[in-house]
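In what follows, every heavy atom counts, from backbone to side chain, and hydrogens, waters and symmetry copies are set aside. Labels below follow one simple rule: chain letters A, B, ... track the order of the sequence lines, proteins then strands, and each chain is numbered from 1.
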There are 2 protein chains.
Amino acid sequence: MNDEEKEEKRSTVQAVDVCIDVLLDVAKNPDCRLADIARNIGETKPRILRMLRTMERRGLVRKSSSGTYRLGNTAIVLGTAASTQVDLVRIANPILEELGQKVNETTQLRIIDNGESLCIAKFEPTRDLRVHSMIGRRRPLHAGSYKILLAYLPPQVQAQMIPDKLERFTPRTITTRARLEAELKRVREAGHCVSRGEVSDQLVSVSVPVLAFDGSVIAAVNIAAPAFRTQDNDIPRYIALLKDASRKISEGLGW
Amino acid sequence: MNDEEKEEKRSTVQAVDVCIDVLLDVAKNPDCRLADIARNIGETKPRILRMLRTMERRGLVRKSSSGTYRLGNTAIVLGTAASTQVDLVRIANPILEELGQKVNETTQLRIIDNGESLCIAKFEPTRDLRVHSMIGRRRPLHAGSYKILLAYLPPQVQAQMIPDKLERFTPRTITTRARLEAELKRVREAGHCVSRGEVSDQLVSVSVPVLAFDGSVIAAVNIAAPAFRTQDNDIPRYIALLKDASRKISEGLGW
DNA sequence: GGAAGCGTTACGTTTAGCGTAACATGCCGG
DNA sequence: CCGGCATGTTACGCTAAACGTAACGCTTCC
């Protein structure tokens with residue numbers, strides 16, 4: 001371990017850290033087995049077994065009769081409590097719903113987390129064909145309209161957020177740093193970002209930033225819709241509605 | 001520590017156990033301070049500080065600028081994943097919503113957890129005056145219509161679930177073991193339970209059991225409504241709708 | 001202006017809990 | 001039918017992770 005890592009981990013509890021790894025792994029892979037978890041996170045089976053037992057006793061995970069693990073009731077309770085405690089999510093939820101009802105499409109709230117974009121709230125309309133969304137899903141920052149999260153960062157922070165290799169998802173994905181930076185400049189000036197098929201061919205997504213009191217960007221609201229039913233003249237309307245929603249969220253947060 | 005406790009705690013990880021205590025305490029008391037948490041769960045401040053730091057680094061909790069703690073984004077992600085992984089909750093949610101829309105009142109799903117009833121799913125209608133409900137809220141088993149959870153237990157299990165002292169909430173609360181057992185017998189024969197003001201004066205609540213494949217009771221669905229707008233002739237309708245919902249949940253679970 | 005709270009740091013001691021190794025069990029293929 | 005390989009599980013001795021004590025500044029409130 002180098003000095004940097006030593007500094008990072010000073011005065012933390014390893015067992016808790018590993019236990020969080022286990023929880024996240026179970027969250028990602030429902031019905032996983034002890035051996036899988038141990039392999040995934042690179043620990044020994046006895047260690048993970050002890051942790052799973054502890055968490056099972058507290059209802060954080062559940063062990064099925066076939067020996068596979070899932071998250072448990074306590075995790076639901078924690079999560080529900082969390083969504084009422086995280087201001088951003090609590091405020092945004094009804095606003096996302098109102099917006100989504102209005103345009104009858106999927107809406108999302110995304111933040112930067114660990115160099116990726118993370119969905120922390122969403123609304124899906126009740127129509128047969130809609131964009132599927134999932135809280136907790138992570139996406140790279142360079143593709144799709146939530147690249148807007150990068151656009152307002154201080155230059156050097158932005159630079160280190162952009163990985164050297166930009167993965168390509170579709171022919172329209174931006175994969176060179178130069179083009180991405182040019183696009184980010186344009187996005188910053190426009191105040192919104194429209195992505196047509198950068199992540200998935202058939203999808204259009206439009207994002208605007210959610211501003212903190214000091215003008216910094218703390219999240220992005222977006223509308224995601226199938227390309228075939230999104231006409232060019234829908235876009236300005238979407239942008240206006242998104243800006244309205246974004247403003248309401250900022251106000252709700254007390255700014 | 002006596003032998004029993006030793007046996008209980010064999011091959012678990014103490015640090016994880018304490019960390020769950022911390023999480024649950026933060027869930028219960030948003031914006032709590034380090035010293036409060038340490039006091040609440042009877043641990044030293046440095047220990048809790050180390051844990052909070054570890055969890056904060058992973059986004060499980062958030063520390064505000066004023067030094068208070070709340071649950072964080074990772075907790076939301078975990079909770080959302082959990083509600084899709086716990087079959088009972090995943091299946092029950094849309095059914096609870098449909099039921100709640102039909103009667104325009106609050107509906108809940110409750111299970112037995114640790115000698116109490118625990119709300120693990122709910123629906124609230126969008127009307128001004130409604131019964132408030134909260135996932136994670138615990139209630140004693142002897143009061144209110146969810147006492148039905150006790151009614152189908154094997155006699156000796158039931159006996160040890162009923163505490164010696166039955167807390168009184170209202171004049172109508174059952175507080176003697178004999179009366180409670182008589183009531184449970186009646187409930188078991190009727191297949192439903194109606195509570196009028198046992199927990200709170202102004203509330204009526206009706207519960208029916210959710211059955212597993214073997215006929216054992218795994219949960220209770222209930223409708224909770226203000227007493228003034230619940231006429232006697234509403235009750236049979238509620239019971240019928242509840243039984244219907246309960247059957248759908250059982251079927252959804254594959255039974 | 002001190003007393004009492006807070007969060008935080010440092011450090012030496014100890015015990016929690018780690019990993020190794022061995023075991024029981026189930027499943028598959030030869 | 002039996003060995004091979006997977007699984008989950010247990011036992012145990014060793015070690016270092018992390019615990020608690022004590023002391024540190026800081027703020028807040030009498």
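- Non-hydrogen atoms lying under 4.0 Å from DNA chain C are contributed by B:R33, B:L34, B:A35, B:R39, B:K45, B:P46, B:L49, all within residues 33-50 of chain B.
- Less than 4.0 Å separates DNA chain C from at least one heavy atom of each of the following residues of residues 58-74 of chain B: B:K63.
- For A:R47 (side chain) and A:V18 (main-chain N/O), no donor-acceptor pair under 3.5 Å exists by modelled atom type.
- Using a 3.5 Å distance cut-off with no hydrogens or angles, the side chains of B:T173 and B:T175 do not pair a donor with an acceptor.
- Remark on the helix from C:dG1-D:dC30 to C:dG30-D:dC1: inter-end axis angle 30°, axes from five-pair C1' superpositions, rounded to 10°.
- When the shell of 6.0 Å around CD of B:E251 is examined, it contains more than 12 heavy atoms from other residues, nucleotides or ligands.
- Heavy-atom minimum distance, A:L34 versus A:K45: CD1-O, 3.9 Å.
- There is no side-chain donor-acceptor pair under 3.5 Å between B:T12 and A:R57.
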Polar atom pairs (N or O), protein with nucleotides 26-30 of chain D, under 3.5 Å:
none

Task: Worked verdict on A:I48 versus A:I41 for side-chain contact (heavy atoms from CB on, under 4.5 Å) - done: CA-CA 10 Å; A:I48 304 302; A:I41 67 185; 3.7 Å; yes

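- Look at A:K28 and A:D25 and you find no salt bridge, because none of the NZ, NE, NH1 or NH2 atoms lies under 4.0 Å from a carboxylate O.
- Using a 3.5 Å distance cut-off with no hydrogens or angles, the side chains of B:E124 and B:T106 do not pair a donor with an acceptor.
- Residues A:N222 and A:S207 have side chains that never bring a donor and an acceptor to within less than 3.5 angstrom of each other.
- Distance, B:D17 CG to C:dG17 P: 9 Å, rounded to whole Å.
- Atoms CZ (A:R53) and C1' (D:dT9) sit 7 Å apart, rounded to a whole Å.
- Distance CE (B:M51) to P (C:dA16): 13 Å, rounded to an integer number of Å.
- With sequence neighbours left out, B:D21 forms a salt bridge (Lys or Arg N to Asp or Glu O under 4.0 Å) with A:R58.
- Sorted by first and then second residue, the salt bridge (charged side-chain N to carboxylate O under 4.0 Å, His left out) pairs involving residues 71-94 of chain A (not counting sequence neighbours) are A:D87-A:R90, A:D87-B:R70.
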Open item on the list: With side-chain contact (heavy atoms from CB on, under 4.5 Å) as the criterion, how do A:M55 and B:V16 come out once you've worked through the C-alpha distance, each side chain's angles and the decisive distance to 0.1 Å?
Closed with: CA-CA 8 Å; A:M55 294 195 271; B:V16 173; 3.9 Å; yes

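- Annotation: side chain of A:S117 is not in contact with side chain of A:P140 (no heavy-atom distance under 4.5 Å).
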